[in-house]
Enquirer: 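The following block contains the structure, expressed as structure tokens.
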Number of protein chains: 4
Amino acid sequence: MNKLEHNKQLKKEALFNTAFELFMTKGINKTTISDIVQKAGVAKGTFYLYFSDKYDVRNKLVSKKAGELFTKGYKELKATQITGTEDSVIYIIDYIINELQQDKALVTFIAKNLSWGIFRAALNTPIAAEENGLNFYDSFTNLIEENGDHFDNPEIMLFTIVELVGGTCHNCILYHEPLTMDEYKPFLYDTIHGIFQQHRKGMSSQSQ
Amino acid sequence: MNKLEHNKQLKKEALFNTAFELFMTKGINKTTISDIVQKAGVAKGTFYLYFSDKYDVRNKLVSKKAGELFTKGYKELKATQITGTEDSVIYIIDYIINELQQDKALVTFIAKNLSWGIFRAALNTPIAAEENGLNFYDSFTNLIEENGDHFDNPEIMLFTIVELVGGTCHNCILYHEPLTMDEYKPFLYDTIHGIFQQHRKGMSSQSQ
Amino acid sequence: MNKLEHNKQLKKEALFNTAFELFMTKGINKTTISDIVQKAGVAKGTFYLYFSDKYDVRNKLVSKKAGELFTKGYKELKATQITGTEDSVIYIIDYIINELQQDKALVTFIAKNLSWGIFRAALNTPIAAEENGLNFYDSFTNLIEENGDHFDNPEIMLFTIVELVGGTCHNCILYHEPLTMDEYKPFLYDTIHGIFQQHRKGMSSQSQ
Amino acid sequence: MNKLEHNKQLKKEALFNTAFELFMTKGINKTTISDIVQKAGVAKGTFYLYFSDKYDVRNKLVSKKAGELFTKGYKELKATQITGTEDSVIYIIDYIINELQQDKALVTFIAKNLSWGIFRAALNTPIAAEENGLNFYDSFTNLIEENGDHFDNPEIMLFTIVELVGGTCHNCILYHEPLTMDEYKPFLYDTIHGIFQQHRKGMSSQSQ
DNA sequence: AATGAATGAGGCTTCATTCAT
DNA sequence: TATGAATGAAGCCTCATTCAT
């Protein structure tokens with residue numbers, strides 16, 4: 001029973017991981033369900049016991065992978081002495097960018113499939129078991145409070161930053177256009193500082 | 001002769017326009033070449049006389065449509081009294097956003113397929129015949145000069161703005177997440193002003 | 001289980017036989033995979049479960065059909081009193097020629113697609129289940145030994161005979177050119193006797 | 001006019017030669033009419049002014065190429081001191097085999113498409129302009145007479161030799177199966193001598 | 001729960017042939 | 001004569017999905 005339950009989980013995991021691997025190497029469009037089950041070593045029908053189709057797998061993967069990046073970045077941050085909301089956020093961003101630079105396929109995968117909706121789901125994913133179900137968004141809020149900061153619209157600020165980072169990184173990492181990621185970083189972080197400034201000043205007064 | 005050449009052009013146009021229409025309504029993945037030729041009223045083989053496959057059509061369309069948006073925005077700007085680099089740029093962005101709000105399919109189409117590479121091609125497309133081959137990037141440079149402005153890295157500034165606008169609009173227009181486009185606009189334009197400031201101050205000193 | 005496996009075999013057989021029938025009547029070039037599956041009463045995809053393309057079927061068929069001819073000829077021989085290597089070989093050849101005269105399509109099919117490589121594969125095919133896996137080439141060797149014959153290069157002799165018979169029969173049976181099969185037979189068999197003589201004398205001495 | 005006529009001939013020649021080149025390199029099945037006209041530098045419609053389809057070109061080519069081989073072999077023979085029917089025939093065969101060994105594509109092309117019918121047409125082609133329209137078959141007959149030889153059925157003898165050589169060479173040159181061409185030559189020529197013997201003795205008595 | 005043989009709709013692409021110029 | 005754009009039938013092959021075991 002336990003073993004059975006365990007076996008079930010194993011198959012699902014195998015499908016999940018194999019799908020990710022193939023999505024990374026061949027792209028989603030060119031990855032077939034046959035490819036996935038064959039590489040995972042399960043029967044075709046089994047796929048349909050766990051997923052409805054390959055886009056189902058994709059969505060779950062995007063969310064998971066984006067969440068993992070944040071989790072890792074957050075853990076790294078905690079291992080440093082860094083304080084201050086801006087520095088912390090930039091530290092995490094920098095960490096994620098460095099990770100992505102080493103995995104171009106992941107950039108495409110996330111960039112092409114990450115909507116703010118899925119993204120927010122990722123932000124709400126518990127960061128790690130040992131953190132008592134703390135998620136990234138909560139920790140972001142904590143960070144602000146700990147540092148005595150105040151932003152009128154922290155979510156909008158985050159949204160702005162995330163979209164800016166996402167779009168620019170995609171181009172710089174994949175195409176080195178208009179400049180390489182390393183060349184662009186100083187400009188990017190400067191722009192992010194500017195966005196923090198903007199939201200500290202309080203946009204709410206003029207937003208209506 | 002002339003007639004023959006003209007007829008050829010007509011067929012190509014028909015395919016081009018029909019493909020766009022179908023990409024908008026059904027999406028690229030679900031649009032087949034059969035769909036395109038049938039709706040365009042030409043034979044299947046004719047498609048292959050002008051395009052290598054549907055992705056070929058897509059790339060040409062993305063570039064063309066993005067270029068058209070800028071051209072239209074630029075023309076509208078010229079019909080106003082607006083001066084000043086920032087105001088002009090924001091006017092064009094606002095114009096484009098308004099256009100896109102009325103054509104959600106176009107948002108998806110452009111957002112999913114626009115890399116900075118294709119984008120720059122669009123920027124280099126002549127704005128309009130009557131403007132003597134002036135393209136958007138030139139006119140942007142002119143604008144800066146006319147207003148006695150100076151930016152150390154105008155292209156990087158533009159890149160930053162374009163990616164920011166692209167990513168945020170995509171979410172706001174399509175998903176109203178985390179807020180609607182109209183709600184987000186003030187924040188967006190404020191951020192853009194910030195980016196102008198940043199580049200006016202001169203980032204080049206710290207960019208190495 | 002058994003039933004499943006059996007069903008699988010049935011489908012494959014159906015495809016195999018149908019393909020042969022169509023190759024015979026329409027020729028390979030004009031036989032389409034659609035034709036085959038339709039006539040065999042299976043789905044198109046099923047074809048690809050068992051064969052990679054129609055040339056795959058062809059190769060397997062040529063080998064099989066050539067093997068069958070030899071097997072039948074050999075069995076007929078065993079039912080006679082004939083002894084002697086030459087007489088036995090000529091008996092089998094005569095039997096095969098008579099068969100082929102009644103199936104011109106088979107002549108074309110085999111003649112156009114039979115290389116010595118495929119042919120040798122056919123010769124190595126077990127003649128019949130009840131013969132304990134004896135194949136034609138073995139039985140040819142046995143025949144020689146039983147009759148106390150000796151040939152320095154039996155394989156080369158066989159090769160020469162087979163190519164001679166193949167080429168001449170093809171023309172005589174299909175085109176009656178330069179004479180009919182029946183007219184040519186005496187010449188052919190005389191030539192074959194000559195080839196036996198040649199190899200009995202021992203060519204190996206002069207072959208270098 | 002003359003020029004026009006000449007131009008016409010040029011186009012036809014271009015198509016003819018280009019087709020041959022492509023048949024050799026890509027095979028007939030994979031050579032399209034588009035390929036031919038494109039490489040020949042003429043319009044598609046022009047092809048149909050001179051040939052009915054690609055098989056029309058093929059037949060004309062096979063006959064021409066086979067004829068050329070004989071013509072060249074015959075000319076070479078004339079440049080030697082060789083006399084005697086057998087030696088002469090074997091000289092020509094040896095010459096042709098050597099030529100074919102250097103052009104494997106030509107082996108396939110001729111072997112797959114040469115029926116005795118087309119072949120005889122080739123044999124009847126005038127050997128060379130300067131020989132007063134003498135063709136190979138005539139010269140073969142002359143050869144026999146000059147040497148005071150007598151064969152009851154010279155055509156059948158030639159047929160037997162041609163088919164034997166054709167089939168065996170095909171395998172030996174292309175697949176080196178069951179041995180290489182050079183290894184097989186002594187056996188082949190010995191067999192040919194045997195065939196001459198057979199027909200010298202007079203088969204006619206037993207052929208009815 | 002797991003299998004994997006079978007399905008067949010539907011996509012892509014090629015290419016011989018025509019015909020108006 | 002020569003052209004080459006246009007045709008559209010026809011072939012190949014894939015692959016998501018089902019279902020009997």
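Quick note on labels: first sequence line is chain A, next is B, and so on, each numbered from 1.
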Enquirer: What does E/dG8 pair with, Watson-Crick or G-U, if both distances are under 3.5 Å?
Expert: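 Answer to the pairing question: F/dC15, which forms a Watson-Crick or G-U pair with E/dG8.
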Enquirer: What is the distance from NE2 of C/His6 to C1' of E/dG4, rounded to the nearest Å?
Expert: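 Computing the C/His6:NE2 to E/dG4:C1' distance gives 19 Å.
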Enquirer: Return the value, rounded to whole Å, for the distance between atom NZ of C/Lys54 and atom P of F/dC13.
Expert: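 Atom NZ in C/Lys54 sits about 9 Å away from atom P in F/dC13.
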Enquirer: Report the distance from atom CD1 of A/Ile33 to atom P of F/dC15, rounded to the nearest whole Å.
Expert: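 Checked: the CD1 to P distance equals 11 Å.
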Enquirer: Of the nucleotides E/dA6, F/dA2, F/dA16, which one has an atom closest to the side chain of C/Lys8?
Expert: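 So the side chain of C/Lys8 is nearest to E/dA6.
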Enquirer: Quick one: is A/Lys11 getting a side-chain N or O under 4.0 Å of the E/dT3 phosphate, OP1 or OP2?
Expert: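 For E/dT3, OP1/OP2 do have a side-chain N/O of A/Lys11 under 4.0 Å.
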Enquirer: Taking the side chain as everything from C-beta on, heavy atoms only, tell me whether C/Asp56 gets closer than 4.5 Å to C/Lys60.
Expert: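 Side-chain contact under 4.5 Å: yes.
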Enquirer: Going by heavy atoms closer than 4.0 Å, what residues in residues 35-44 of chain A are next to DNA chain E?
Expert: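 A/Val42, A/Ala43, A/Lys44, in order of number.
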Enquirer: Using whole Å, what does the distance between atom P of nucleotide F/dC15 and atom CG of A/Leu22 come to?
Expert: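 About 13 Å, once rounded to whole Å.
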Enquirer: So if I take every side-chain heavy atom of B/Leu49 and compare against F/dT7, F/dT18, E/dA16, which nucleotide ends up nearest?
Expert: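 Nearest listed nucleotide: F/dT7.
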Enquirer: Please list every donor-acceptor pair under 3.5 Å in which a side-chain atom of residues 27-34 of chain C meets a protein atom from a residue at least two apart or in another chain.
Expert:
from: C/Thr31; atom 1: OG1; to: C/Leu22; atom 2: O; distance (Å): 3.3
from: C/Thr31; atom 1: OG1; to: C/Gly27; atom 2: O; distance (Å): 2.6
from: C/Thr32; atom 1: OG1; to: C/Ser34; atom 2: N; distance (Å): 3.4
from: C/Thr32; atom 1: OG1; to: C/Asp35; atom 2: N; distance (Å): 3.0
from: C/Thr32; atom 1: OG1; to: C/Asp35; atom 2: OD1; distance (Å): 3.3
from: C/Thr32; atom 1: OG1; to: C/Asp35; atom 2: OD2; distance (Å): 3.2
from: C/Ser34; atom 1: OG; to: C/Lys44; atom 2: NZ; distance (Å): 3.1

Enquirer: Mind calculating the distance between CG (A/Leu10) and P (E/dA2) to the nearest angstrom?
Expert: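 That distance rounds to 10 Å.
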Enquirer: Under the ring pair (Phe, Tyr, Trp, His ring centres under 6.0 Å) rule, what do C/Phe51 and C/Phe47 come out as? Steps first, then yes or no, please.
Expert: CA-CA 6 Å; C/Phe51 305 101; C/Phe47 179 90; 5.5 Å; yes
Enquirer: Which part of the nucleic acid does D/Tyr50 contact within heavy-atom distance under 4.0 Å: base, sugar-phosphate only, or nothing?
Expert: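 The answer is sugar-phosphate, as D/Tyr50 gets under 4.0 Å only of primed atoms, P, OP1 or OP2.
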Enquirer: Shortest non-hydrogen contact from D/Ile36 to D/Thr18?
Expert: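 Closest approach of D/Ile36 to D/Thr18: O-CG2, 3.6 Å.
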Enquirer: Provide the closest heavy-atom pair for D/Ala40 versus D/Leu15 in the form atom of the first, atom of the second, distance.
Expert: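 Closest approach of D/Ala40 to D/Leu15: CB-CD2, 4.0 Å.
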Enquirer: Can the positive tip of D/Lys65 be found less than 6.0 Å from the middle of the six-membered ring of D/Phe20, inside 45° of the ring normal?
Expert: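 Relative to the ring axis of D/Phe20, which defines the angle, D/Lys65 lies inside both limits.
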Enquirer: B/Tyr48 or C/Gln9: which one's nearest nucleotide on DNA chain E is closer to the 5' end?
Expert: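 First, find each residue's nearest nucleotide; the 5'-ward one identifies C/Gln9.
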Enquirer: Counting only side-chain nitrogens and oxygens, does D/Thr46 get under 4.0 Å of the OP1 or OP2 atom of F/dT3?
Expert: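 Answer yes for this pair, as a side-chain N or O of D/Thr46 is under 4.0 Å from OP1 or OP2.
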Enquirer: Scan every strand shown for a Watson-Crick or G-U wobble partner of F/dT3, both distances under 3.5 Å, and answer none if you come up empty.
Expert: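 Per the H-bond distance test, E/dA20.
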Enquirer: Could you give the NZ-to-P distance, from B/Lys26 to E/dG10, as a whole number of Å?
Expert: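 Atom NZ in B/Lys26 sits about 11 Å away from atom P in E/dG10.
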Enquirer: Taking all non-hydrogen atoms of both residues, which atom of A/Ala19 and which atom of A/Val57 are closest, and how far apart?
Expert: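 Where A/Ala19 meets A/Val57 most closely, the heavy atoms are CB-CG1, 3.6 Å.
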Enquirer: Distance check needed: F/dC12 C1' versus C/Phe47 CZ, whole Å only.
Expert: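 Answer to the nearest Å: 11 Å.
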Enquirer: Rounded to the nearest Å, what distance is computed from the OH atom of residue A/Tyr55 to the P atom of nucleotide F/dA16?
Expert: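 Result: 8 Å.
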